[in-house]
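The shown structure was predicted, so the numbers you read here are calculated from the model rather than taken from an experiment. In what follows, chains carry the letters A, B, and so on, assigned in the order in which the sequence lines appear, proteins first and then strands, with residues in each chain numbered from 1.
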Amino acid sequence: MQSPEEQLAILKRGSAQILSEAELLTKLRLGRPLNIKLGVDPTAPDIHLGFTVCLQKLRQFQDLGHQAILIIGDFTAMIGDPSGRSKTRPQLSHDTIMANAKSFQQQAFKILDPARTRTVFNGEWFEMMNFEQIIRLNSRVTLQQMLHREDFRSRIERGDSVRLHEIQYPIIQGWDSVMVKADVEMGGTDQLFNILVGRDLQKEEGMPEQVVFLMPLLEGLDGVHKMSKSLNNYVGVTEAPSEMFGKLMSISDALMARYYLLLLGEEMPQGHPMDAKKDLARRLVARYHSEEEGAAALNDFNTRFSKRDLDSAELPGVPVASLGTDIISAVVAAYSEGFQMTKSRGDARRLVEQGSVQLRSEKVTDPKASPGFNAGDVLRLDKTRAVRLV
RNA sequence: GGGUAGAUACCGAAGUGGCCAAACGGGGCGGACUGUAAAUCCGCUGUCUCUGACUUCGCAGGUUCGAAUCCUGCUCUGCCCA
């Protein structure tokens, strides 16, 4: 086992903020495995690359002999969050949450070491609480404290509603830290406030305060907003190799440097940016699938796009019989059969009229065309998608 | 509880009786160019049986030849007062 100083040096790498390093060092010197807490929200079962930034750091802690504690926020998820101004977030059933949690773990263990991971559900302690205890818990923090939080404040300034239960989230999360006796809590930089509340509550309970360990937030594919499912700018760790590869190839060069740093933990190499990007994509596919699939995805990308040779690329097969006779029906069917995507006929028509659709390497721009479909033909739909007729 | 402002397409936001499937911006998508990058230019962005038809402007009714626009009720939200 490395010395506390060595451990700190390793852990510091790539982190955004640690409050405080001195405290962390003191804890590392205790010579026992530390409890490293990471809270997860079981509303969406898919882990994306943004979240892996935290998971990888957590793995590093594990490799240094520490204990990861994954807290599944089943309690909060069951309450649901009715605020979502545009979309009401559905209250999740217990079954859904358990299923999500399970799939979450499966994905997380692509990165984490199961032997050093403890998974707990916060319903374990919150479901037991009665109203008196809840009030008492609430009395420990002030409204001013909660309103200090950036996103609440900005919502108030914008005139958006903030529901009372939302300001309890930090308290709930903080109490989790008390219950699992967290030595360190990890999170993205947006978690600073919540994690600090955990410290306050631990202090009030007369226990040592957890160290705040923040990782940078990974920007999504758009390069602007943080990677998130709702913005649809994410890469999921379970996505198919070619899909993952393709998404990674579409990022900007500036963003690529970030991805190198946060996902691979190294500097972006010199040389042609495209080669660097291919290597990034290949390695990440290899990490979440396998070396072979990484190499295959790279190879496939090269034939499909660099050589523009769709015929020999691997494409989803779609039965000729499902296409109908006209080109619009065929495009709609190809999207749904080949990619499980629902396109309206209007969308399909636009793609055709605008020259995106190709059959047997020739553009079909007449929406009324019935060009005849044969097994073996390649039907190109848009920039990234094509199917092979079978 | 009282007052007041508001609810428009993915988001922001115009429109306040017919010229509105609804300006403009963002986002998204497609084309050209390329490295499936960036930048730039062009086009599209409710649905369909697509030079036309149909359904949309919080919900339900009503007035009118005609309503996103006027009236009534309801739901939701902000702000001010209590």
Side-chain angles (χ1 to χ4, degrees), chain A residues 82-89 152-164 166 219-226 228-235 239-260 268-282 284-285 297-310 313-315 324-329 331-332 334-335 339 341-358 362-370 379-386:
Chain A
S83 72
R85 295 148 301 283
S86 46
K87 287 154 227 136
T88 313
R89 208 173 286 179
F152 288 152
R153 219 177 31 208
S154 61
R155 271 162 72 183
I156 289 165
E157 274 163 25
R158 261 185 289 133
D160 290 342
S161 66
V162 177
R163 322 290 304 199
L164 276 187
E166 293 183 77
E219 291 83 356
L221 297 173
D222 55 48
V224 181
H225 305 287
K226 76 167 182 173
S228 85
K229 212 168 177 196
S230 51
L231 292 173
N232 197 27
N233 61 359
Y234 71 101
V235 182
E239 282 186 61
S242 63
E243 194 75 6
M244 189 182 276
F245 198 100
K247 280 188 178 181
L248 288 166
M249 285 308 288
S250 75
I251 64 176
S252 73
D253 292 354
L255 190 57
M256 171 168 55
R258 272 299 268 177
Y259 279 31
Y260 258 95
M268 184 173 101
Q270 300 296 311
H272 196 294
M274 188 183 56
D275 294 329
K277 208 177 285 176
K278 281 179 179 173
D279 205 47
L280 170 80
R282 185 190 56 76
L284 287 173
V285 171
L298 170 64
N299 197 34
D300 190 54
F301 180 88
N302 283 334
T303 47
R304 275 174 90 158
F305 299 107
S306 302
K307 294 183 203 148
R308 292 175 193 279
D309 179 10
L310 273 180
E314 279 205 30
L315 303 172
T325 53
D326 65 292
I327 189 70
I328 300 220
S329 304
V331 169
V332 171
Y335 269 109
F339 301 96
M341 292 174 71
T342 312
K343 287 273 177 194
S344 74
R345 294 180 66 80
D347 279 335
R349 165 180 296 271
R350 259 165 240 129
L351 287 172
V352 170
E353 285 174 344
Q354 295 186 133
S356 172
V357 174
Q358 294 178 18
E362 288 190 23
K363 281 190 184 179
V364 180
T365 53
D366 175 9
K368 286 184 180 143
S370 296
L379 177 64
R380 181 209 193 246
L381 303 171
D382 57 38
K383 240 188 278 198
T384 61
R385 280 171 275 259

Undergrad: How close or far is atom P of B:rC33 from atom NZ of A:Lys383, stated in whole angstroms?
TA: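 After rounding, the reported distance stands at 12 Å.
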
Undergrad: Sugar-phosphate means primed atoms, P, OP1 and OP2; the rest is base. With that split, encode nucleotides 39-48 of chain B 5' to 3' as B, S or - using protein heavy atoms under 4.0 Å.
TA: ----BSS-SS

Undergrad: Rounded to the Å, how far apart are A:Lys307 NZ and B:rG35 C1'?
TA: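 Nearest whole value for this atom pair: 16 Å.
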
Undergrad: Rounded to whole angstrom, note down the P distance from B:rU64 over to B:rU69.
TA: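 Their P atoms lie roughly 16 Å apart.
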
Undergrad: When you compare the side chain of A:Lys277 with that of A:Tyr259, does any pair of heavy atoms fall below 4.5 Å?
TA: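 Sidechains of A:Lys277 and A:Tyr259: no contact.
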
Undergrad: For nucleotides 51-56 of chain B, give me one character per nucleotide, 5' to 3': B if any protein heavy atom sits under 4.0 Å from the base, S if the only such contacts are to the sugar-phosphate, - if neither.
TA: ------

Undergrad: Return the value, rounded to whole Å, for the distance between atom NZ of A:Lys363 and atom P of B:rG30.
TA: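 A:Lys363 atom NZ is separated from B:rG30 atom P by 13 Å.
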
Undergrad: Does a salt bridge link A:Lys278 with A:Asp275, judged by any charged N lying under 4.0 Å from a carboxylate O?
TA: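 Looking at A:Asp275 together with A:Lys278, the answer is no, because their closest N to O distance does not fall below 4.0 Å.
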
Undergrad: Going by an N to O cut-off under 4.0 Å, is there a salt bridge joining A:Arg345 and A:Asp326?
TA: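 Looking at A:Asp326 together with A:Arg345, the answer is yes, because their closest N to O distance falls below 4.0 Å.
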
Undergrad: Could you give the OH-to-P distance, from A:Tyr335 to B:rC29, as a whole number of Å?
TA: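 One finds 11 Å between P of B:rC29 and OH of A:Tyr335, rounded.
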
Undergrad: Please state the C1' separation for the pair B:rG15 and B:rA68 - nearest whole angstrom.
TA: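 Going atom to atom, C1' in each nucleotide, I get 8 Å.
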
Undergrad: For a 4.5 angstrom cut-off between non-hydrogen side-chain atoms, does A:Met274 reach A:Met249?
TA: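 A side-chain contact exists here, since the closest heavy-atom pair is under 4.5 Å.
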
Undergrad: Does a side-chain heavy-atom distance below 4.5 Å link A:Val331 with A:Lys343?
TA: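 Counting from C-beta outward, A:Val331 and A:Lys343 never come under 4.5 Å.
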
Undergrad: What contact category does A:Asp382 fall into here, base, sugar-phosphate, or nothing, at under 4.0 angstrom with non-hydrogen atoms?
TA: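 Sugar-phosphate, backbone atoms only, no base.
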
Undergrad: Is there side-chain contact between A:Asp347 and A:Tyr335, with at least one heavy-atom pair below 4.5 Å?
TA: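 A:Asp347 does not reach A:Tyr335 side chain to side chain.
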
Undergrad: Counting Watson-Crick and G-U wobble pairs only, both distances under 3.5 Å, name the nucleotide matched with B:rA9, or none.
TA: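 Per the H-bond distance test, none.
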
Undergrad: Could you tell me whether the side chain of A:Asp275 has a donor or acceptor atom within less than 3.5 Å of a complementary atom in the base of B:rG35?
TA: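 A donor-acceptor contact between them is absent.
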
Undergrad: Take the protein atom NZ of A:Lys247 and the nucleotide atom P of B:rG35, then report the distance between them rounded to whole Å.
TA: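 Nearest whole value for this atom pair: 24 Å.
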
Undergrad: For B:rC11 versus B:rG17, give the span between their P atoms, rounded off to a whole number of Å.
TA: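 After rounding to an integer number of Å, I get 27 Å for this pair.
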
Undergrad: Base, sugar-phosphate, or nothing for A:Gly355, non-hydrogen atoms under 4.0 angstrom?
TA: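 Here A:Gly355 touches the backbone only, sparing every base.
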
Undergrad: When all nucleic acid strands are considered with a 4.0 Å heavy-atom cut-off, which category describes A:Ser252: base, sugar-phosphate, or nothing?
TA: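 Touches sugar-phosphate only.
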
Undergrad: P atom, B:rG46 versus B:rA32: distance in rounded Å?
TA: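 Comparing P positions in B:rG46 and B:rA32 gives a spacing of 23 Å.
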
Undergrad: Any non-hydrogen side-chain atom of A:Ile327 less than 4.5 Å from a side-chain atom of A:Leu379?
TA: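 Contact flag for A:Ile327/A:Leu379 side chains = yes.
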
Undergrad: Can you tell me, in whole Å, how much space there is between the P of B:rG2 and that of B:rG66?
TA: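 Per the computed distance, 36 Å lies between those P atoms.
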
Undergrad: Rounding to an integer number of Å, can you tell me how far A:Leu381 CG sits from B:rG30 C1'?
TA: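 Value for this atom pair: 13 Å.
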
Undergrad: For A:Tyr234, is the NZ or CZ atom of A:Lys247 found under 6.0 angstrom from the centre of its six-membered ring and inside 45 degrees of the ring axis?
TA: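 Yes.
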
Undergrad: Counting only Watson-Crick pairs (N1-N3 plus N6-O4 or O6-N4) and G-U wobbles (N1-O2, O6-N3), all under 3.5 Å, who is the partner of B:rC79?
TA: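 Pairing partner: B:rG3.
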
Undergrad: Taking atom CG of A:Leu351 and atom CD of A:Gln358, what is their separation to the nearest 0.5 Å?
TA: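 Going from the CG atom of A:Leu351 to the CD atom of A:Gln358 covers 12.0 Å.
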
Undergrad: Just call it for A:Lys277: base, sugar-phosphate, or nothing, with non-hydrogen atoms closer than 4.0 Å on any strand.
TA: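 Base contact.
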
Undergrad: Using atom CZ of A:Arg308 as one end and atom C1' of B:rC33 as the other, report the distance to the nearest whole Å.
TA: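 The distance from CZ of A:Arg308 to C1' of B:rC33 comes to 11 Å, rounded to the nearest Å.
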
Undergrad: Report the distance from atom NE2 of A:His225 to atom P of B:rG12, rounded to the nearest whole Å.
TA: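 From A:His225 NE2 to B:rG12 P: 14 Å.
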
Undergrad: Side chains of A:Ile251 and A:Leu280, heavy atoms from C-beta outward: is any pair under 4.5 Å?
TA: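 With C-beta onward as the side chain, the pair touches.
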
Undergrad: Applying a 3.5 Å limit to both distances, which nucleotide forms a Watson-Crick or G-U wobble pair with B:rG43?
TA: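 The base-pairing partner of B:rG43, which may sit in any strand shown, is B:rC29.
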
Undergrad: Checking all strands, does A:Arg349 fall into the base, sugar-phosphate, or nothing category for heavy-atom contacts under 4.0 angstrom?
TA: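 Contact class for A:Arg349: base.
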
Undergrad: At 4.0 Å (heavy atoms only), tell me whether A:Ile251 reaches a base, stays on the sugar-phosphate, or touches nothing.
TA: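 Sugar-phosphate, no base atom in range.
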
Undergrad: For B:rC10 and B:rG6, measure between their P atoms and round to the nearest Å.
TA: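 Nearest-Å result for B:rC10 against B:rG6 at atom P: 23 Å.
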
Undergrad: Could you give the distance separating B:rC70 and B:rG18 at their P atoms, to the nearest angstrom?
TA: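 Between the two P atoms, the distance is 11 Å.
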
Undergrad: Using atom C1' in both nucleotides, what's the gap between B:rG26 and B:rA14 to the nearest angstrom?
TA: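 It works out to 15 Å between them.
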
Undergrad: Taking C-beta and beyond as the side chain, do A:Thr365 and A:Glu353 meet within less than 4.5 Å on heavy atoms?
TA: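 The answer is no; the side chains never approach within 4.5 Å.
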
